[in-house]
There are 2 protein chains.
Amino acid sequence: MASGTRERIMDVALQLFAERGVAATPVTAIEAAAGLSAGSGSFYRHFKDKQALLAAVVEREIALVRKDPAVPAAGTLAGQLLSDLDFLGRLRPLMTILMWERNRAPEVAEHVQQVMADRGVELGTAEELAVAPVEAVRADPQAAAAVMMSAMTGYFLTTEYFGRRPAGIDPQRFASTLARLLTG
Amino acid sequence: MASGTRERIMDVALQLFAERGVAATPVTAIEAAAGLSAGSGSFYRHFKDKQALLAAVVEREIALVRKDPAVPAAGTLAGQLLSDLDFLGRLRPLMTILMWERNRAPEVAEHVQQVMADRGVELGTAEELAVAPVEAVRADPQAAAAVMMSAMTGYFLTTEYFGRRPAGIDPQRFASTLARLLTG
DNA sequence: GTCTATACCTTGATAGAC
DNA sequence: GTCTATCAAGGTATAGAC
């Protein structure tokens, strides 16, 4: 169960890091949560130090998200937005850690951004907007795409970090209204 | 210069807390940044401990934001949105700290939420939406308000935390496009 | 009110027995 | 690979001189 422990350490670390931040998570707490004796250096048999663990955790999460099939472009924009919200949900622990570490480890921030860009959450669906019959969208498609992306991340972050959905609106209702605003 | 030092401590603490988090900011660093000798306990002449300082800083920021006249409701929705973005900017250090401390100090989170709600960022401007000629808005005004609020916080948070504006769109362009999407 | 000095605790990290 | 034991470093907090 050698690498079993290693995986378990990464599992609990992901959770603890996202919950309390890297700086506020002592190695001893990680050991305890992983079923090792707290204070024993057993952790160091698996990772050089906490930074190495952080890097490994981030790598693993990114790989996991990347492997996930990017959803075969649902037909409707609303459907696309819904699946994007789901995608963001899977990125959540990573985004949380990123927000904590953005100053101390900017590489991590860029890495996550890259993943999001790859997935197309940022601007990929903007193509669908090009043919929208809505006047405001035709007037400035780029700004409209920015509104779309902002609304998505805002809805997601509000839900995740402030503990409640904006105005209590559920994801379906949100996605469908956003889509209708953009495409008429 | 007794209370002068106290104020200075709060000033630098707000900055350091927002930059690196409370847990990652030792009292010694606060002392140093405030012009005191690092490691001297001079800090403790002004605050009982770091938690007390955090509470005081949050209180002071909230009071400051509250005192600020809530902008005399600009005529256009776009104008309103722009001033709301500015308001969010002033809340920024507080929101950063909140995101870090939300698990350790949920009261702080609720406190800030209350301020935002009071200001009307959340749903106050929804009234303007009631008369909008846009079909999607009339169909579900509450969801439209949620989209508006999400777009605002999303634009703000993306700018602040990911270091760049969504699609490089500036605030004016963003606000005006969002307003046009909502009101036609 | 700020300093030097210090006691204490927590955390990071290693050594060596099992 | 995990444990007990251990230490150095860093951080909290207090005491007492100035």
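Below, chains carry the letters A, B, ... as their sequence lines are ordered, and counting in each starts from 1.
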**Q** Of the candidate nucleotides D:dT12, C:dG12, D:dT2, which contains the atom at the shortest distance from the side chain of A:P26?
**A** C:dG12

**Q** Can a side chain N or O of A:S42 be found less than 4.0 Å away from OP1 or OP2 on D:dC3?
**A** yes

**Q** Is A:T28 close enough to C:dG12 that one of its side-chain N or O atoms is under 4.0 Å from OP1 or OP2 there?
**A** no

**Q** Could you check which of D:dT12, C:dC3, C:dG12 has an atom nearest any side-chain atom of A:Y44?
**A** C:dG12

**Q** What integer distance in Å separates A:K48:NZ from C:dT14:P?
**A** 7 Å

**Q** Any idea which heavy atoms bring B:V134 and B:G184 closest together, and the distance?
**A** CG2-N, 3.3 Å

**Q** Roughly, in whole Å, what's the span from NZ in A:K50 to C1' in C:dG12?
**A** 9 Å

**Q** Could you tell me how far apart B:L53 (CG) and D:dA13 (C1') are, to the nearest whole angstrom?
**A** 15 Å

**Q** Could you tell me whether the side chain of A:R60 and the main chain of A:V57 form a donor-acceptor pair under 3.5 Å?
**A** no

**Q** Do the side-chain N or O atoms of A:S37 get closer than 4.0 angstrom to the phosphate oxygens (OP1, OP2) of D:dT4?
**A** yes

**Q** Of the nucleotides C:dA13, D:dT12, C:dG1, which has the atom closest to the B:R45 side chain?
**A** C:dG1

**Q** Can you tell me the distance, in whole Å, between the CZ atom of B:F43 and the C1' atom of D:dA13?
**A** 10 Å

**Q** What integer distance in Å separates A:I30:CD1 from C:dT10:C1'?
**A** 15 Å

**Q** Do the side chains of A:Q142 and B:I169 get nearer than 4.5 Å, heavy atoms only?
**A** yes

**Q** Of the candidate nucleotides C:dT11, C:dC3, D:dG1, which contains the atom at the shortest distance from the side chain of A:H46?
**A** D:dG1

**Q** Compare all side-chain heavy atoms of A:L81 with those of A:M148 and state whether any distance is below 4.5 angstrom.
**A** yes

**Q** Taking CG from A:D49 and P from C:dT14, how many angstroms apart are they, rounded to a whole number?
**A** 8 Å

**Q** Can you check whether B:Q80 reaches B:D84 side chain to side chain, under 4.5 Å on heavy atoms?
**A** yes

**Q** Roughly how many Å is it from CD in A:E31 to P in C:dT10, rounded to a whole number?
**A** 16 Å

**Q** Return no unless some side-chain N or O of B:S40 is found under 4.0 Å from OP1 or OP2 of C:dA5.
**A** no

**Q** Between P on C:dA13 and CG on A:L36, what's the gap in Å once rounded to a whole number?
**A** 16 Å

